[in-house]
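Accompanying notes for the structure given below.
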Number of protein chains: 2
Amino acid sequence: MYQDLIERLKQDPVNRDKFKKLFRETEVPTKKTLLCEGDISNNIYFIKKGCLRLWFNNDGKDITFQFFFENNAVSSIESFLEEKPSQFNLESIEPSKLVVLSRAGFEILGNHYPELKEGFFKLMLNRMNNYANLFLSRIKDNPRKRYDELVKTHPEIIRRIPQHYIASYLGITPISLSRIRNKK
Amino acid sequence: MYQDLIERLKQDPVNRDKFKKLFRETEVPTKKTLLCEGDISNNIYFIKKGCLRLWFNNDGKDITFQFFFENNAVSSIESFLEEKPSQFNLESIEPSKLVVLSRAGFEILGNHYPELKEGFFKLMLNRMNNYANLFLSRIKDNPRKRYDELVKTHPEIIRRIPQHYIASYLGITPISLSRIRNKK
DNA sequence: ATCCGACGATAACAATTGTTAAGATGTGAA
DNA sequence: TTCACATCTTAACAATTGTTATCGTCGGAT
């Protein structure tokens, strides 16, 4: 959806040349860090291909709390908006093709295309909603049920993401996840 | 803060009489249900005195996930805004004095006082923020640390709320909470 | 005053999950 | 190829937390 918007912007007959150069395309290998805890997020990334994860370091433990796939936009929102150090790391899980939009570019475009800002607001609500659902699932469900739900609602995560990331996302150890998968 | 706004609205020299009657004051005893799971939320409550909790039923288990005290506004926001059945119950924990504003009243006032709508939006962000914090604390901390944090950041909850509600808020059993409190 | 229900503590036991360690497999780089 | 590394599984054991049940206290209602 967001991807569509970007494509449309880039084709805009009037501003095509002017705006097109605001976007930078890039390819990154697996495990490439795009944003580091403590740094200020200056970019929004649109995923053309591949996938990314948002994670943070908790006493040396790597905790993933959101995955992003094709046609999604990603940013450490609070950091990007308020220009303050990010609490989170953003990293590629697969070799990925990304479209990068800087804060400056975002502001220029945002003035011409209100949809872009609306889209960003929705991105924020989406993230909030993600928190709410993760929270409620941790309250209501035990790890096995959380896993079963994930298989049902996000099979692409099961298919594409290494298990230890999924484990931390579910709030359990990789060992425990392995038990759940195999003692069915 | 919200309470202040309400008081100001009620004192508005121009609209005083017209608007004052939109508010209904009421007193409720302990354990009075103000909103029931499945019903549509038609009111916002401003707490003048006492405290309330938002909870839901999970397989027969009563799970509290937010407490509200004096000078706060409460509503099952999604239900109130979209007029759809509430997922949650709203109940008093202490005898409480409340100011009630209906949806109709809210809309009339909202048209005259944009602050009211802004305030409601903030209420929503606050709720989202609450989700995020609860979620992160469940990931990062074990029950003992969550309890210690609660003591530090919300001593009023420890003081005023019965332990079994606190236990469900922390995601543990009352027995486990009792162990934490006494095996210090 | 007495009874009842809400609240909290504790014990004994069960179940779940984490920890540590070892090994199997596969992939990419030197 | 060979080595290093990432990924996943399994086992044995420890730690945490839940379950069930009992008991004591307190306060309000009759």
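By convention in this document, chain letters (A, B, ...) are assigned in the order of the sequence lines, proteins followed by strands, and residues within each chain are numbered from 1.
- Annotation: the span from A/I166 atom CD1 to A/I180 atom CD1 amounts to 11.5 Å, rounded to 0.5 Å.
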Residues 167-177 of chain B, side-chain donor-acceptor partners within the protein, below 3.5 Å, at least two apart:
from	atom 1	to	atom 2	distance (Å)
B/S168	OG	B/T64	N	2.9
B/S168	OG	B/Y165	O	3.3
B/T173	OG1	B/S176	N	3.1

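- Checked against the 6.0 Å centroid threshold, B/Y45 and B/F68 do not count as a close aromatic pair.
- Two different hydrophobic clusters hold A/L35 and A/I40 under the rule that ILVMFWY side chains link at heavy-atom gaps under 4.5 Å.
- By the 6.0 Å and 45° rule, B/R103 stacks over the aromatic ring of B/F80.
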Detail all sub-3.5 Å separations between protein N/O atoms and N/O atoms belonging to nucleotides 17-24 of chain D.
from	atom 1	to	atom 2	distance (Å)
D/dG18	OP2	B/T173	N	3.4
D/dG18	OP2	B/T173	OG1	3.3
D/dG18	OP2	B/S176	OG	3.4
D/dG18	N7	B/R179	NH2	2.7
D/dG18	O6	B/R179	NH1	3.3

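- Around CZ of A/R24, the count of heavy atoms belonging to other residues, nucleotides or ligands within 6.0 Å does not exceed 12.
- Nucleotide D/dT7 holds its P atom 12 Å from the CD1 atom of A/I166, rounded to whole Å.
- A salt bridge is defined here as a Lys NZ or Arg NE, NH1 or NH2 lying under 4.0 Å from an Asp or Glu carboxylate O, and A/E25 with A/K48 meets this definition.
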Table of protein N/O atoms under 3.5 Å from nucleotides 5-7 of chain C N/O atoms:
from	atom 1	to	atom 2	distance (Å)
C/dC7	OP2	B/H164	NE2	3.2

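- In this structure the side chain of B/P29 never reaches within 4.5 angstrom of the side chain of B/P95, judged on heavy atoms.
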